[in-house]
Amino acid sequence: MAMDKVKINNDVELKDRLVAVNRTTKVTKGGRTFTFAAIVVVGDGKGVLGWGLGKAGEVPAAIAKGVESAKKNLIKVHVLNGTIPHEVEARFSGARVFLKPAAEGTGLVAGGAMRAVLDSAGIQDILAKSKGSSNPHNLVKATMLALSQLRDAYTVAQTRGITMDKVFNG
């Protein structure tokens, strides 16, 4: 399923969050050359979310490139009372994620890279499980894919061509 891109105004305040930094080494006749790759997640805490990958010779430059890349890949996530509207499962390469809505006060029960993505989206109460690979690249992509598949009740009603009452009461 394709992710819907979101255009934002310049007045939206996006906070960036570093998920992981990877160092690679190239050995040459003159010595070792280090380069860094940084995975960054940006979000406004109200449902707008994006991720990016930046590569550079120094960590701060890689993070800056990652933030710029993340601002180009923004999606809108349906957040309902601090949680998600329904259960969702997604897979990207070897990483599989399962997201389940939780009652108010549960908190953000998620690990590693998933926690950064969900927190940036503004989700406060959720139960999340990572199955398979723990690779941060694939976990971020799988979590973003799962969040992009969420549909709110209004969208479901429009798609089916019925009223909101029939969505909930059958």
Side-chain angles (χ1 to χ4, degrees), residues 1-20 38-54 63-162 164 167-168:
M1 182 173 181
M3 289 189 228
D4 296 329
K5 301 260 179 168
V6 173
K7 291 228 182 214
I8 60 159
N9 303 332
N10 291 333
D11 59 347
V12 174
E13 186 67 35
L14 293 173
K15 295 183 196 87
D16 57 280
R17 201 158 162 185
L18 181 65
V19 177
I39 306 168
V40 181
V41 176
V42 298
D44 67 347
K46 297 175 191 143
V48 176
L49 183 65
W51 74 274
L53 176 66
I63 293 170
K65 284 183 179 181
V67 169
E68 289 305 310
S69 174
K71 287 180 181 176
K72 294 175 187 171
N73 297 315
L74 295 174
I75 63 167
K76 178 75 175 141
V77 178
H78 296 288
V79 180
L80 184 67
N81 299 329
T83 188
I84 57 176
H86 57 86
E87 290 183 6
V88 66
E89 202 166 347
R91 181 174 177 266
F92 189 92
S93 190
R96 292 184 314 169
V97 296
F98 176 71
L99 307 176
K100 186 176 178 179
E104 192 174 335
T106 304
L108 191 61
V109 183
M114 289 174 62
R115 178 178 285 272
V117 174
L118 296 170
D119 190 38
S120 294
I123 298 171
Q124 290 127 8
D125 302 306
I126 192 167
L127 300 170
K129 181 67 182 164
S130 163
K131 305 170 187 174
S133 172
S134 61
N135 179 348
H137 290 264
N138 291 336
L139 266 180
V140 166
K141 291 174 188 174
T143 308
M144 292 287 289
L145 185 61
L147 291 173
S148 71
Q149 291 173 357
L150 290 173
R151 299 188 313 167
D152 62 343
Y154 182 73
T155 309
V156 172
Q158 274 191 325
T159 306
R160 294 183 188 169
I162 58 175
M164 289 283 283
V167 172
F168 294 109

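How far CE of M144 is from CD1 of I75: 4.0 Å, rounded to the nearest 0.5 Å. Rounded to the nearest 0.5 Å, atoms CD1 (I39) and CG (N135) are 7.0 Å apart. Here the CG atom belonging to D119 is positioned 11.5 Å from the CD1 atom belonging to I126, to the nearest 0.5 angstrom. Rounded to the nearest 0.5 angstrom, F92 CZ and L139 CG are separated by 11.5 Å. Rounding to the nearest 0.5 Å places CG of D152 at 13.0 Å from CD1 of I84. With rounding to the nearest 0.5 Å, the separation of CD1 in I63 from CG in L18 is 4.5 Å.
Side chains of V117 and L49 form a contact here, defined as non-hydrogen atoms less than 4.5 Å apart. Inter-residue side-chain proximity for E68 and K71 is flagged as met; some heavy-atom pair is nearer than 4.5 Å. At a threshold of 4.5 Å between non-hydrogen side-chain atoms, the residues T159 and R151 count as touching. Considering only heavy atoms from C-beta on, K76 comes within 4.5 Å of V48 through its side chain.
The backbone N or O of R96 lies less than 3.5 Å from no partner atom in the side chain of R91, so there is not a single donor-acceptor pair. Looking only at distances, no side-chain donor or acceptor of T106 sits under 3.5 Å from a matching main-chain atom of D125. S120 places a side-chain N or O within 3.5 Å of a backbone atom of A116 that can act as its donor or acceptor partner.
Under the side-chain contact (heavy atoms from CB on, under 4.5 Å) rule, E89 has a single partner from K100, Q149, K131, K129, which is K131. Screening V109, V79, V77, L99 for a side-chain contact (heavy atoms from CB on, under 4.5 Å) involving L118 leaves a single residue, L99.
Taking all atoms of both residues into account, the shortest heavy-atom contact from A102 to T83 is N-OG1, 3.3 Å. Annotation for A128 and A110: closest pair CB-CB, 3.7 Å, computed over non-hydrogen atoms. Between P136 and V19 the shortest heavy-atom distance is CB-CG1, 4.4 Å.
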